[in-house]
Amino acid sequence: MTDMYYNRAKQEGYRSRSAYKLQQLHDDAGIIQQGDTVVDLGAAPGGWLQVATEIAGDQGTVIGVDLQRIDPIDGVELIRGDMTEPDTHAAVRAATETADVVLSDMAPNMTGEYNLDHARSVYLAEQAFETAQTLLVGGGDLAVKVFDGPDTDRLRETFDDAFEYVRTIHPPASRDSSSELYMVGVGHLTAPLAEGDRLSVTVEDQGREGDGIAKIEGFTLFVPETTAGDEVEIEVVDLKPRFGFARVVD
Ligand code: SAM
């Protein structure tokens, strides 16, 4: 069977047709910036690594991890290991303290038994999520492959709590018959709080728009209708990667 992306990858020098999936995810969600540190899990044979290095450029850092050996790529650090093993998580942390982007195209060995393949793919996606929680800077992005199924919604809820917003994308380069989708978390939240949290704060300062500012472990919360010196009970209503909004509760 001729496959357009397979042929294109051969012609354009990409190691896999998957390269186009990352390009399409990036075109759609703007995941990688020049100069970024990118950690790519399940990276063999290296199509995504090629695309990530092209976008991150000379100032970027790209690290690839896989169970399989990956042929060297200029400027890419490679780790051979199993992301379900703590040693591999430690090796990734030793390679970089932070990342702007975490990618995972990890896929389990397929058994053909739909629910089992789905459950294993969700487990791999959770390993990628854990890596992202450890490494991602505030505002960083995570894109993870998962085979769609009953646990996709639960995975999405986990992403929802950790990112400014989440999208699920089925890139055109994914085969039509494939149940794979990519869950993309944009804008990693580093707040030491969650939306809906209630707490007592002292308003310390006044923002340019006139809102009161409270600091929680250095994280800025804007609290409308308060002024410096107020001691108020608040509820967190909206979190962005680097600041949030709260309302006064009675
Ligand atoms: N994105 C790659 C590219 O562009 O060339 C293709 C990745 S391929 C679809 C999936 C990869 O996930 C395989 O190379 C496989 O070895 C890897 N993988 C699966 N389970 C893994 C695990 N537990 N730890 C590390 N890599 C894993």
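Residues: numbered from 1 along the sequence shown. We count ligands from 1, going down the list as the structure has it; atoms in each ligand are counted the same way.
Regarding atom 13 (C) of ligand 1, its nearest protein heavy-atom neighbour is Asp66 OD2, 3.5 Å. Scanning the protein for heavy atoms near atom 1 (N) of ligand 1, the closest one is Asp105 OD2, 2.8 Å.
Taking each of Gly42, Ser18, Gly47, Ser104 in turn, the one with a heavy atom nearest to atom 7 (C) of ligand 1 proves to be Gly42.
Near Asp82, meaning under 4.0 Å from any of its heavy atoms, are these atoms of ligand 1: 22 (C), 23 (N), 24 (N).
Look at Gln50 and you'll find every heavy atom at least 4.0 Å from all atoms of ligand 1. In this structure, Met106 counts as a contact residue of ligand 1, since one of its heavy atoms falls inside 4.0 Å of the ligand. Residue contacts with ligand 1 do not include Val65, since none of its heavy atoms lies under 4.0 Å from the ligand. For Gly81, the closest heavy-atom approach to ligand 1 falls below 4.0 Å.
At a cut-off of 3.5 Å, with distance as the only test, a side-chain donor of Gln23 or Tyr14 sits close to an acceptor on the other residue. At a cut-off of 3.5 Å, with distance as the only test, no side-chain donor of Gln127 or Thr84 sits close to an acceptor on the other residue. Between the side chains of Ser174 and Lys21, no donor-acceptor pair is found at a separation under 3.5 Å.
Between Trp48 and ligand 1, a contact under 3.5 Å exists for at least one N or O pair. Residue-to-ligand polar distances place Gly46 within reach of ligand 1: an N/O pair is separated by less than 3.5 Å.
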